[in-house]
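Numbered from 1 within each chain, the chains take letters A, B, ... in sequence-line order. Computation of the quantities below employed the complete heavy-atom set of this structure, encompassing side-chain atoms and omitting hydrogens, waters and symmetry-equivalent molecules.
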Amino acid sequence: MNYWLFKSEPESYSIDDLANEKKQTACWDGIRNYQARNMLRDDIKVADKLFFYHSNAKPTGIVGVCKVVKNAYPDHTAFDPNSKYFDPKSSKENIRWVMVDVQLVEKFNGIISLQQLKVTIGLEDMMVCRRGARLSIQPVTAEQWKIVMNISKKL
DNA sequence: GCCAACGTTGGC
DNA sequence: GCCAACGTTGGC
């Protein structure tokens with residue numbers, strides 16, 4: 001099992017939106033970056049866990065935990081001309097973008113801000129703490145996962 | 001709203 | 001295949 005961090009702008013989709021979904025489950029659509037796509041397709045599997053991260057927010061940070069409940073499958077928004085994620089170069093014969101389904105496991109009692117992550121011993125190398133880590137899906141090590149979960153229990 | 005850091009595109 | 005121009009992300 002592997003650990004990840006998924007970013008979402010809460011204005012477009014927040015952890016509360018996920019909490020309000022049927023079965024608290026949703027498809028994570030709209031990933032349009034090849035590196036992130038490759039991780040979704042090749043590495044992110046059912047039962048993997050991920051941090052739900054609010055980007056472009058006040059404050060920005062980790063707000064909860066989800067698990068993967070469905071392996072990668074075609075992202076249908078790429079075929080929909082009315083979607084902002086529409087990709088004319090993608091087709092059902094030539095699948096370019098995929099997504100997984102995630103289910104909410106736990107919403108933290110607060111947020112672990114990026115500021116806090118950055119000053120936490122042991123998280124120096126966490127991708128989200130580093131400058132220019134713009135990837136919307138990032139791997140998290142087991143050790144980093146443990147440290148963040150410990151912080152979350154004190155919120 | 002600014003801007004640094006990337007990623008993508010397309011002409012050559 | 002190079003690289004300049006352009007677009008996007010996302011913290012601040």
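- DNA chain C is contacted by A/Leu114, A/Lys118 of residues 112-119 of chain A, taking any non-hydrogen atom closer than 4.0 Å.
- For A/Phe6 and C/dG10, the CZ to P distance is 14 Å, given to the nearest whole Å.
- For A/Gln35, taking side-chain heavy atoms from C-beta onward, the closest of the listed nucleotides B/dT8, B/dG7, C/dG11 is B/dG7.
- Between A/Tyr13 and A/Trp28, the ring planes are perpendicular. Angles over 60° get that label, and only those under 30° would be called parallel.
- The minimum heavy-atom distance linking A/Val102 with A/Phe6 is given by the pair CG1-CE2, 4.3 Å.
- Two end axes, each from the C1' atoms of five base pairs, can be drawn for the helix from B/dG1-C/dC12 to B/dC12-C/dG1; they diverge by 10°, to 10 degrees.
- Separating the CZ atom of A/Arg32 from the C1' atom of B/dT8 is a distance of 15 Å, rounded to the nearest angstrom.
- Side chain to side chain, A/Arg32 and A/Thr77 meet the donor-acceptor criterion of an N or O pair below 3.5 Å.
- Annotation: side chain to side chain donor-acceptor pair (under 3.5 Å) contacts of A/Asn33 (sequence neighbours excluded): none.
- For A/Lys7, no side-chain nitrogen or oxygen approaches OP1 or OP2 of C/dT9 to under 4.0 Å.
- Residue-to-nucleotide proximity on DNA chain B shows that, of A/Asn56 and A/Arg96, the 5′-proximal contact is made by A/Asn56.
- Nearest to the side chain of A/Lys89, among B/dT8, B/dT9, C/dG10, sits B/dT9.
- Taking 4.0 angstrom as the limit, A/Tyr53 places none of its side-chain polar atoms (N or O) nearer than this to OP1 or OP2 of C/dT9.
- Residues A/Gln138 and A/Lys7 have side chains in contact (heavy-atom distance under 4.5 Å, counting atoms from C-beta outward).
- Taking CG of A/Asn2 as the reference point, atom CH2 of A/Trp145 lies at 11.0 Å (rounded to 0.5 Å).
- Rounding to whole angstrom units, OH of residue A/Tyr34 and C1' of C/dT9 are separated by 17 Å.
- Between A/Met99 and A/His76 the shortest heavy-atom distance is CE-CD2, 3.4 Å.
- Atom pair A/Glu11:CD and C/dG11:P shows a separation of 14 Å (rounding to whole Å applied).
- Between A/Phe108 and A/Gly64, the shortest heavy-atom contact is CD1-N, 3.7 Å.
- Across A/Tyr34, A/Phe79, A/Tyr85, a single residue satisfies ring-ring contact (aromatic ring centres under 6.0 Å, His included) together with A/Trp97, and that is A/Tyr34.
- One interatomic measurement links the two molecules: OH of A/Tyr85 to P of C/dG7, which rounds to 19 Å at whole-angstrom precision.
- The CG atom of A/Leu135 sits 21 Å away from the P atom of B/dA4 (whole-angstrom rounding).
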